[in-house]
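What follows is a short report on a single structure.
Note: hydrogens, waters and symmetry copies are ignored here, and every other heavy atom, side chains too, is used. First the proteins, then the strands, lettered A, B, ... as listed; each starts at 1.
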Amino acid sequence: MPELPEVQTVVNDLIAGGLIGKTICGADVFWNKSIGNLTSGEFSETITGQIIMTVRRRAKYIIIDFKSAVHLLIHLRMSGRLIIIPTSVETNKHEHVILHLNDNRDLRFHDTRKFGRMILTDKPDTILGNLGPEPLSADFTVAQFKTILKSKHRQLKPLLLDQTFIAGLGNIYVDEALWEARLHPQKIAATVSPKKAADLYNAIRYVLQQGIDNQGTSLGNGQSNFTSAENQRGNNAGNLKIFRKTGHLCPRCQTKIERIIVGQRSSHICPKCQKA
DNA sequence: TTTGGTGTTTCGAG
DNA sequence: CCTCGAAACACCAA
């Protein structure tokens, strides 16, 4: 669920919530798989006493850098949430890891589907090193995008979802970007013209930035729905043109939107704007 | 009540 | 190198 804009929103909230400079004064682990290969004892022992220096995002990872050589990498996967909340508030059954801060508040990892991970490591590059470029960074250029696109004989949809090709995109923003650029999800990357490659580059940056500007996309009301660290829903759902709009009319040409499966993922297209 | 689908990633087989 | 299917897990809508 959380893609680049949602993860960035969480990071922004954590910083606004005053996490920088706080000390972790204890940890409780209620679901061991949430912390990777460490035991709860190792995790608690290592993280207790750590002072938070920076909070940042890389791809869909939230990274908490401590003043020591230790880093906490957090991946929310499908349903993870991070919330800052007073320690006095009763815990919820979906809160699998709780970090106690030195101001009577907790940073709690809430994850209904338990796919998310908090990885404590002094070698973050073993996880972050294989990720593709950040689509919104200044050094990710349209020329670079054209070059890497040309080298891939893969369908656009699974390629754009591949975090080693480009970082941060998920099902929602890929569908939106492909619609913006009028490209079919099954088109082979290497066959995209330079002009259309530039359109796709601009579309990716546009939909992601719009998502960030609106604090992310929240759909529906379920347990897995996105909420920020301030427990707020995102405001970007109203900007979606195609995602989960099956049967609605394309805002550009009024053709009925269709849902197809590409690379085992549901994809939403306008059959007129996005020719195979 | 049961089934199928869900916004992510990783793994192994072919 | 690429593609596919399955698995990790809980919930929700039909």
Discussion item. Under the ring-ring contact (aromatic ring centres under 6.0 Å, His included) definition, can you give me all pairs with a residue in residues 236-276 of chain A, not counting sequence neighbours?
Written reply: A/F243-A/H268

Worksheet, complete the sentence: Quick note, A/K60 side chain, CB onward, closest among B/dT8, B/dT10, C/dC9 is B/dT8

Discussion item. Would you measure the distance from the C1' atom in C/dT3 across to the matching atom in B/dG7 and give it in whole Å?
Written reply: 22 Å

Item to complete: Enumerate the residues from residues 113-123 of chain A whose closest heavy atom to DNA chain C is under 4.0 Å, giving them by residue number; use none for an empty result.
Response: A/R113, A/K114, A/F115

Discussion item. Between P on C/dC11 and CG on A/L219, what's the gap in Å once rounded to a whole number?
Written reply: 19 Å

Practice prompt. For residues A/L240 and A/L219, determine if any side-chain heavy atom of one lies less than 4.5 Å from a side-chain heavy atom of the other.
Written response: yes

Worksheet entry | Atom-pair distance (CD1 on A/I127; C1' on B/dT10), nearest Å | 13 Å

What pairs of nitrogen or oxygen atoms, one from the protein and one from nucleotides 11-14 of chain B, lie under 3.5 Å apart?
none

Fill in: Length of the line joining A/E6:CD and B/dT8:C1', which is rounded to integer Å
13 Å

Discussion item. Expressed as a whole number of angstroms, how long is the span from A/M78:CE to C/dC12:P?
Written reply: 14 Å

Discussion item. Any carboxylate oxygen within less than 4.0 angstrom of a Lys/Arg side-chain nitrogen, looking at A/E6 and A/K60?
Written reply: no

Discussion item. Do A/K196 and A/R182 make a side-chain contact, defined as non-hydrogen atoms from C-beta onward lying under 4.5 Å apart?
Written reply: yes

Discussion item. Counting only side-chain nitrogens and oxygens, does A/S266 get under 4.0 Å of the OP1 or OP2 atom of B/dG7?
Written reply: yes

Worksheet item: Of the nucleotides B/dG7, C/dC11, B/dT10, which one has an atom closest to the side chain of A/R244?
Response: B/dG7

Worksheet item: Roughly how many Å is it from NZ in A/K33 to C1' in C/dA7, rounded to a whole number?
Response: 10 Å

Worksheet entry | Separation of atom CG in A/L76 from atom P in C/dC9, rounded to whole Å | 18 Å

Worksheet item: Does the pair A/Y201 and A/T141 meet the rule for a side-chain hydrogen bond (donor to acceptor under 3.5 Å, both in side chains), with working shown?
Response: CA-CA 9 Å; A/Y201 170 89; A/T141 64; over 6 Å; no

Worksheet item: Quick one: is B/dT8 close enough that its OP1 or OP2 comes under 4.0 Å of any side-chain N or O from A/R265?
Response: yes

Item to complete: Can you see which heavy atom on A/S228 is nearest to which on A/D13, and at what distance?
Response: OG-OD2, 2.7 Å

Fill in: Distance in angstrom units between A/N225 CG and C/dC12 P, rounded
11 Å

Response to the item:
When every non-hydrogen atom of A/A59 is compared with those of A/A167, the smallest separation belongs to CB-CB, 3.6 Å

Item to complete: May I ask you to verify whether the side chain of A/R77 and the base of B/dG7 hold a donor-acceptor pair under 3.5 Å?
Response: no

Worksheet item: Is the number of heavy atoms from other residues, nucleotides or ligands under 6.0 Å of A/D213 CG greater than 12?
Response: yes

Fill in: Close side-chain approach of A/L76 and A/R81, heavy atoms under 4.5 Å
no

Worksheet entry | Distance, rounded to the nearest Å, where A/R58 contributes CZ and B/dT9 contributes C1' | 16 Å

Practice prompt. Verify whether the ring centers belonging to A/Y61 and A/H75 lie closer than 6.0 Å.
Written response: yes

Could you pull out the protein-nucleic contacts involving nucleotides 2-4 of chain C (nitrogen or oxygen on both sides, under 3.5 Å)?
| from | atom 1 | to | atom 2 | distance (Å) |
| --- | --- | --- | --- | --- |
| C/dT3 | OP2 | A/R154 | NE | 3.0 |

Discussion item. Apply salt bridge (Lys or Arg N to Asp or Glu O under 4.0 Å) to residues A/D111 and A/R77 and explain how you reach the verdict.
Written reply: CA-CA 9 Å; A/D111 188 15; A/R77 291 281 189 105; over 6 Å; no

Fill in: Intra- and interstrand pairs of DNA chain B - dot-bracket, Watson-Crick/G-U under 3.5 Å, | marks other strand
.|||||.|||||||

Worksheet item: Under 30°, 30 to 60°, or over 60°: which ring-plane class applies to A/F140 and A/F145, parallel, tilted or perpendicular?
Response: perpendicular

Practice prompt. Please go through A/I261's hydrophobic cluster and name the other residues, only I, L, V, M, F, W, Y counting, with side-chain heavy atoms under 4.5 Å joining them.
Written response: none

Discussion item. Heavy-atom count check: over 12 atoms from other residues, nucleotides or ligands less than 6.0 Å from A/E42 CD?
Written reply: yes

Fill in: Distance, C1' atom - from C/dA6 to B/dG4, rounded to whole angstrom
16 Å

Worksheet item: Between A/D106 (side chain) and A/R108 (backbone), is there a donor-acceptor pair under 3.5 Å?
Response: no

Worksheet item: OP1, OP2 of C/dC11 versus side-chain N and O of A/H94: anything below 4.0 Å?
Response: yes

